[in-house]
Amino acid sequence: MQSNKKYIVWIGILAVLLALSVGVIAGMTVQQKMNGGENRDTLVEGDGPAPPAPAEAPDPAEREEIAPEDQAYNQENTQNDTNVNDQQNNTNSTPSGDTPVARYGALQVKGNRLTDQYGNQVQLKGISTHGLSWFPQYVNEAFFRQMRDEWQVDVVRLAMYTAEYNGYCTGDEGNKQTLKNLVSEGVNHATNLGMYVIIDWHILSDSNPLQYKEEAKQFFGEMAERYQGYDNVIYEICNEPNSGTSWQDIKSYANEVIPVIRAKDPDAIILIGTPNWSQFVNEAAADPVTGYDNLMYTLHFYADTHRDDLRNTLQNAYNQGLPIFVSEFGITDASGNGAVNRDEGNKWIDLMDQNGISYCIWSLSNKDESSAFFKSSCNKTSGFTNEDLSDQGAWYLDVLKR
């Protein structure tokens, strides 16, 4: 009996301890509900799982690296897209960054000087295409970019022949449209890259600009309508009047074409050719076109033929106050062929640099002649190396890097 009593005591103690434990647990549950119920960091009202936590921003140290050259390319392309839209909306904006147009803006003529938008003298250095009908392949953005970035070229001249085979005025309508498309493509590439561009009405075998005056008025009216407000477009209204064409004929032509441009584009630079294959700038200095701002006059030379006499003509006309732009030159003879004369070429460069006169060398082609920029064996359209250049081309790249 005594043993049974001990078992009953132990059973009673265990029952009391069990009851106490149940009470504690129940009390904790009631208190938890009173303090707010479910954990709101992991549950939401209603059925279903909690939504995922917001994604954390990646650690900058773990982000994918972008090469510096790719960063520059992306930034430039973003700006290029903005620039094209701005230009099309005629906002007169220019690409940001270190490009020719960003540095100089809308060009002006002050006295005998080409100046930037603030009136500081500007000297543009560039290259002319050959005839767009025959060498269209160099009008591409990759090559324009190389000219700008590697060669320090500020301006590209688009030479559109008027009277030769497939010239603008002698080819059929399809050819005419092809040439206008090439001009448009060249202007677009230059604009995207912040470069200046010359639209050149390249008379040569037609000699006198009056021969196709009406076609010129129609063409430049269309160009001025399209590019009004562009800060980088320059109009060259007659390349090389020749074969006895007088300054009075050229001036008469200019006085009809310039108003057509000015009706749409009141401020762009306009280049006017001079007699005798654009050499007699002295005649223009004695009797310039009046009534318009931002006019310049062209002088062309080929250094192995044209030497001290023509250099003196340029200097005298410039001293008389004539704003001169050398929109075409070479260091061969006047045919564009023959020997390459670096010494005479350097004399011309020294003279133009001393006076701040802008210039474009002839020509972007692989034609089998001395004044072609590339060797005739080179069939590239961009990515040129020194081995691809003619003797004149290699000389000119040295000039641009001085």
Side-chain angles (χ1 to χ4, degrees), residues 80 83-84 87-88 101 126-148 151 153-206 212 215-228 230 232-240 257 261 264-265 268-271 273 327-328 336 360-367 371-374 378-384:
N80 287 343
N83 178 60
V84 170
Q87 291 285 14
Q88 289 173 344
V101 176
I127 309 180
S128 176
T129 70
H130 204 299
L132 294 177
S133 282
W134 313 315
F135 298 95
Q137 64 267 37
Y138 302 106
V139 181
N140 69 80
E141 186 164 356
F143 179 40
F144 278 38
R145 186 183 298 275
Q146 181 179 16
M147 285 193 283
R148 185 197 67 179
W151 298 354
V153 166
D154 302 312
V155 56
V156 178
R157 180 185 188 231
L158 304 173
M160 190 189 72
Y161 278 76
T162 53
E164 285 66 25
Y165 172 73
N166 276 345
Y168 184 84
C169 300
T170 54
D172 60 23
E173 287 301 315
N175 180 72
K176 181 181 292 187
Q177 188 59 52
T178 295
L179 287 171
K180 286 195 286 190
N181 290 343
L182 280 166
V183 169
S184 178
E185 185 178 351
V187 172
N188 288 343
H189 294 327
T191 302
N192 288 343
L193 294 166
M195 303 170 73
Y196 294 95
V197 60
I198 300 171
I199 299 175
D200 167 34
W201 184 256
H202 200 87
I203 71 163
L204 190 63
S205 64
D206 37 346
Y212 293 114
E215 289 86 345
K217 289 166 67 175
Q218 182 276 331
F219 174 79
F220 281 110
E222 185 175 337
M223 294 298 105
E225 173 76 27
R226 181 177 302 171
Y227 300 118
Q228 58 182 306
Y230 280 46
N232 63 320
V233 174
I234 297 169
Y235 304 97
E236 184 171 2
I237 63 174
C238 52
N239 168 56
E240 290 183 352
V257 175
I261 297 173
K264 300 295 182 181
D265 199 337
I269 303 296
I270 297 175
L271 308 181
S327 59
E328 179 183 322
C360 291
I361 199 167
W362 180 269
S363 67
L364 293 176
S365 75
N366 62 350
K367 186 178 179 181
S371 61
F373 211 80
F374 307 112
C378 176
N379 294 314
K380 295 179 180 177
T381 59
S382 64
F384 297 100

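Just so you know, these numbers use all the heavy atoms, side chains as well, and skip hydrogens, waters and symmetry mates.
Glu185 is not listed as a side-chain neighbour of Leu158, based on a closest heavy-atom distance of 4.5 Å or more. A 4.5 Å side-chain heavy-atom check between Leu364 and Phe143 finds at least one atom pair inside the cut-off. Residues Phe219 and Met160 form a side-chain contact, since some pair of their non-hydrogen atoms from C-beta on lies under 4.5 Å apart. Proximity of Tyr161 to Leu204: side-chain heavy atoms (C-beta onward) are separated by under 4.5 Å at one or more points. No side-chain heavy atom of Tyr227 sits under 4.5 Å from any side-chain heavy atom of Thr191.
Of all non-hydrogen atoms in Phe220 and Ile199, the two that sit nearest each other are CE2-O, 4.2 Å.
Residues Glu173 and Gln177 bring no donor and acceptor atom of their side chains to less than 3.5 Å of each other. Between Ser205 and Glu164, the side chains place a donor N or O and an acceptor N or O closer than 3.5 Å (distance only, hydrogens not considered).
Side chain of Arg148 to backbone of Leu193: a donor-acceptor contact under 3.5 angstrom is found. Checking side-chain atoms of Gln146 against main-chain N and O of Phe384 turns up a donor-acceptor pair under 3.5 Å.
Aromatic ring centres of Phe374 and Tyr138 lie closer together than 6.0 Å. Checked against a 6.0 Å centroid threshold, the rings of Trp362 and His202 count as neighbours.
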